[in-house]
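Sharing a structure, written as structure tokens. Questions coming.
A quick note: this is a predicted structure, and the numbers were derived from the prediction, not measured.
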2 protein chains.
Amino acid sequence: MSETSGQTRSALLKSSITLFSQRGYADVGIREIADAAGANIASIKYHFGSKKDLYLAAVAEVMGRNNSENAWKDLSEVPDDPRLAAQELIQFLRHSLKHLIPPGSSVESCSSLMIREALHPSEAFDSIVENLLIPNNEGLINLLGKLVPDADRPHLNNLAGSVMGQIMHIRIFRPFVERLRGVDLSNPDQLDQMAMHIAQFTLRGLGLKEIFIFEAIQSARETEAQFVQENKS
Amino acid sequence: MSETSGQTRSALLKSSITLFSQRGYADVGIREIADAAGANIASIKYHFGSKKDLYLAAVAEVMGRNNSENAWKDLSEVPDDPRLAAQELIQFLRHSLKHLIPPGSSVESCSSLMIREALHPSEAFDSIVENLLIPNNEGLINLLGKLVPDADRPHLNNLAGSVMGQIMHIRIFRPFVERLRGVDLSNPDQLDQMAMHIAQFTLRGLGLKEIFIFEAIQSARETEAQFVQENKS
DNA sequence: CTGTAATTCAATCAATCGATTGATTTATAG
DNA sequence: CTATAAATCAATCGATTGATTGAATTACAG
């Protein structure tokens with residue numbers, strides 16, 4: 001039976017996710033991974049077969065189900081009402097940035113591994129597209145379609161790109177953004193402020209009425225206020 | 001005298017820029033670089049000292065002056081007239097995407113090296129910030145200030161982030177975007193179409209009047225038509 | 001031409017890489 | 001307990017890494 005605790009296996013996955021995402025495949029040795037996991041070098045071959053197979057398993061782990069509740073908000077079901085859809089968009093933006101707070105978070109690992117695959121695609125490329133990008137892109141298009149009902153598919157794709165670009169820019173270039181603007185992205189308030197800017201910019205970019213945008217943001221701020229208040233109690 | 005042709009040195013720089021940007025520092029060996037340059041391994045030590053020093057020299061080369069006329073449009077001087085400033089913004093967007101056409105282009109190298117430094121900063125981080133990011137960010141803020149005169153500095157920084165995010169998203173995630181949307185980013189027409197989408201989205205995001213945006217894009221299309229016509233002759 | 005500095009070359013260095021072995025320890029079933 | 005399988009371990013494999021040597025070659029001034 002292979003029904004043991006699997007401590008070593010999961011520890012190797014965890015340490016490899018952290019190291020691979022931070023420094024890339026080639027820069028991380030299997031001894032370093034094993035040490036960080038408190039395991040023996042040979043355990044990598046035993047549990048995964050090879051360094052490459054460990055990397056593929058790590059990517060699959062990060063891009064898997066865990067992620068839809070972590071790095072990206074699920075947008076498969078979105079209300080038809082534009083007002084509610086706008087709230088959903090704002091929450092999506094907040095959600096996408098909020099998980100940046102702890103350094104070395106799951107979001108950071110996910111984003112970093114994605115970028116590294118975009119820079120130099122490996123065998124993991126397809127699995128990222130299938131399991132993460134397509135579902136999220138479809139969800140975002142579904143959401144944007146509620147806000148811009150007369151937009152066709154190519155235009156919705158462009159709009160989704162503009163939204164994702166603003167998010168990923170902050171996720172990826174965090175060190176540059178912090179240096180360039182003198183902001184602290186580990187500060188929840190500054191992070192939320194940035195999310196609300198993207199919300200306003202995006203709702204305007206979609207071509208929505210100013211009154212609609214004003215009310216949406218106003219409503220979102222109240223929701224955040226409630227959320228903060230609830231967490232304080 | 002050190003006033004020789006310097007063929008080997010520049011060949012090493014060129015090959016290392018390509019290889020480092022495509023596959024990262026750790027994944028590229030000095031033998032591979034020397035072979036691609038048609039040089040001996042020891043020539044790296046002779047001309048640069050070490051592999052790391054070669055990398056630093058390569059980054060400095062890419063981020064240098066060459067770049068302001070290549071990867072990024074110079075925005076240090078922008079007309080005050082909003083109409084002209086809008087044209088400048090559209091040309092900036094076009095310029096930022098147009099150089100993506102040839103695979104392995106200078107823009108691709110510049111973007112890739114930037115991202116790798118954002119993912120895992122090295123000694124080259126500061127030089128990128130000083131020589132490339134700060135000047136470009138200042139230029140973009142200068143330009144956006146003409147279009148949104150009442151915006152304060154932090155807001156302009158946020159707006160610049162939204163613009164840069166949309167550009168970098170396409171630059172970085174090119175393989176993902178092509179797969180996800182079924183587009184071909186080596187096609188100049190599709191690339192310009194994408195630039196014009198970002199232009200419209202951005203001008204709307206800035207909160208400008210629809211008539212102003214319509215005229216700006218209309219005018220830009222005519223400019224592009226003239227440009228194409230001139231190149232055909 | 002000769003002499004000197006600049007440059008390139010093949011060969012080799014110790015260190016580290018991923019992978020693998022066989023022995024050992026641990027867990028589980030009968 | 002014993003027996004069998006699962007898991008971990010220290011030790012080592014050949015290959016490759018970046019770095020370095022000293023000889024050979026080239027370029028150029030006098």
Result of checking Gln91(A), His95(A), Glu88(A) against Lys73(A) for side-chain hydrogen bond (donor to acceptor under 3.5 Å, both in side chains):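 Only one of Gln91(A), His95(A), Glu88(A) forms a side-chain hydrogen bond (donor to acceptor under 3.5 Å, both in side chains) with Lys73(A), namely Glu88(A).
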Looking at dA6(C), I'd like to know if its phosphate oxygens (OP1 or OP2) sit under 4.0 Å from a side-chain N or O belonging to His47(B).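 Checking His47(B) against dA6(C): no side-chain N or O falls below 4.0 Å of OP1 or OP2.
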How many Å lie between OH on Tyr46(B) and P on dT8(C), as a whole number?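 Between P of dT8(C) and OH of Tyr46(B): 7 Å.
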Leu119(A): partners by side chain to side chain contact (heavy atoms under 4.5 Å, CB included), with sequence neighbours left out: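 Listed in chain order: Ile115(A), Ser112(B), Ile115(B), Arg116(B).
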Using a cutoff of under 3.5 Å, can you pull out all pairs of nitrogen or oxygen atoms linking the protein to nucleotides 16-20 of chain D, with atom names and distances?
unit_1, atom_1, unit_2, atom_2, d
dG18(D), OP1, Val28(B), O, 3.3
dG18(D), OP1, Lys51(B), NZ, 2.7
dG18(D), OP2, Ile30(B), N, 3.0
dG18(D), N7, Arg31(B), NH2, 2.6
dG18(D), O6, Arg31(B), NH2, 2.8
dA19(D), OP2, Lys51(B), N, 3.0
dT20(D), OP2, Lys45(B), NZ, 3.1

Residues from residues 13-24 of chain A lying under 4.0 Å of DNA chain D - heavy atoms: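 Result for residues 13-24 of chain A: none.
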List in chain and number order the residues that pass ring pair (Phe, Tyr, Trp, His ring centres under 6.0 Å) with Phe92(A), two or more places apart in sequence or in another chain; answer none if no residue qualifies.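 Counting only residues at least two positions away or on another chain, Phe92(A) forms no ring pair (Phe, Tyr, Trp, His ring centres under 6.0 Å).
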Starting at CZ of Phe48(A) and ending at P of dG18(C), how long is that distance when rounded to a whole Å?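 Interatomic distance, CZ of Phe48(A) to P of dG18(C): 15 Å.
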Run the side chain to side chain contact (heavy atoms under 4.5 Å, CB included) test against Ser50(B) and tell me which residues pass, sequence neighbours left out.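 Counting only residues at least two positions away or on another chain, Ser50(B) forms a side chain to side chain contact (heavy atoms under 4.5 Å, CB included) with Lys52(B), Asp53(B).
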Could you note down all residue pairs passing side-chain hydrogen bond (donor to acceptor under 3.5 Å, both in side chains) where residues 153-170 of chain B supplies at least one of them, sequence neighbours left out?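 Every pair satisfying side-chain hydrogen bond (donor to acceptor under 3.5 Å, both in side chains) with a residue in residues 153-170 of chain B: Ser162(A)-Gln166(B), Gln166(A)-Ser162(B), Arg181(A)-Asn158(B), His197(A)-Ser162(B), Asn137(B)-Asn157(B), Glu138(B)-Arg153(B), Gln166(B)-Thr202(B).
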Atom CG of Asp35(A) to atom P of dT8(D): distance rounded to whole Å?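 Spelled out: CG on Asp35(A) to P on dT8(D) is 15 Å.
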With sequence neighbours excluded, give me every side-chain hydrogen bond (donor to acceptor under 3.5 Å, both in side chains) pair touching residues 33-44 of chain A.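 The answer is none; no pair qualifies.
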Can I get a per-line list of side-chain donor-acceptor pairs under 3.5 Å for residues 125-132 of chain A, giving both atom names and the distance, sequence neighbours left out?
unit_1, atom_1, unit_2, atom_2, d
Asp126(A), OD1, Arg179(B), NH1, 3.1
Asp126(A), OD1, Arg179(B), NH2, 2.7
Ser127(A), OG, Ala124(A), O, 3.0
Asn131(A), ND2, Ser127(A), O, 3.2

Partners of Leu156(B) by side chain to side chain contact (heavy atoms under 4.5 Å, CB included), sequence neighbours excluded?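 Once residues adjacent in sequence are excluded, the partners of Leu156(B) under the side chain to side chain contact (heavy atoms under 4.5 Å, CB included) criterion are Ile141(B), Leu144(B), Ala151(B), Leu159(B).
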Check whether any side-chain N or O of Thr8(B) sits under 4.0 Å from OP1 or OP2 of dT8(C), and answer yes or no.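 Yes.
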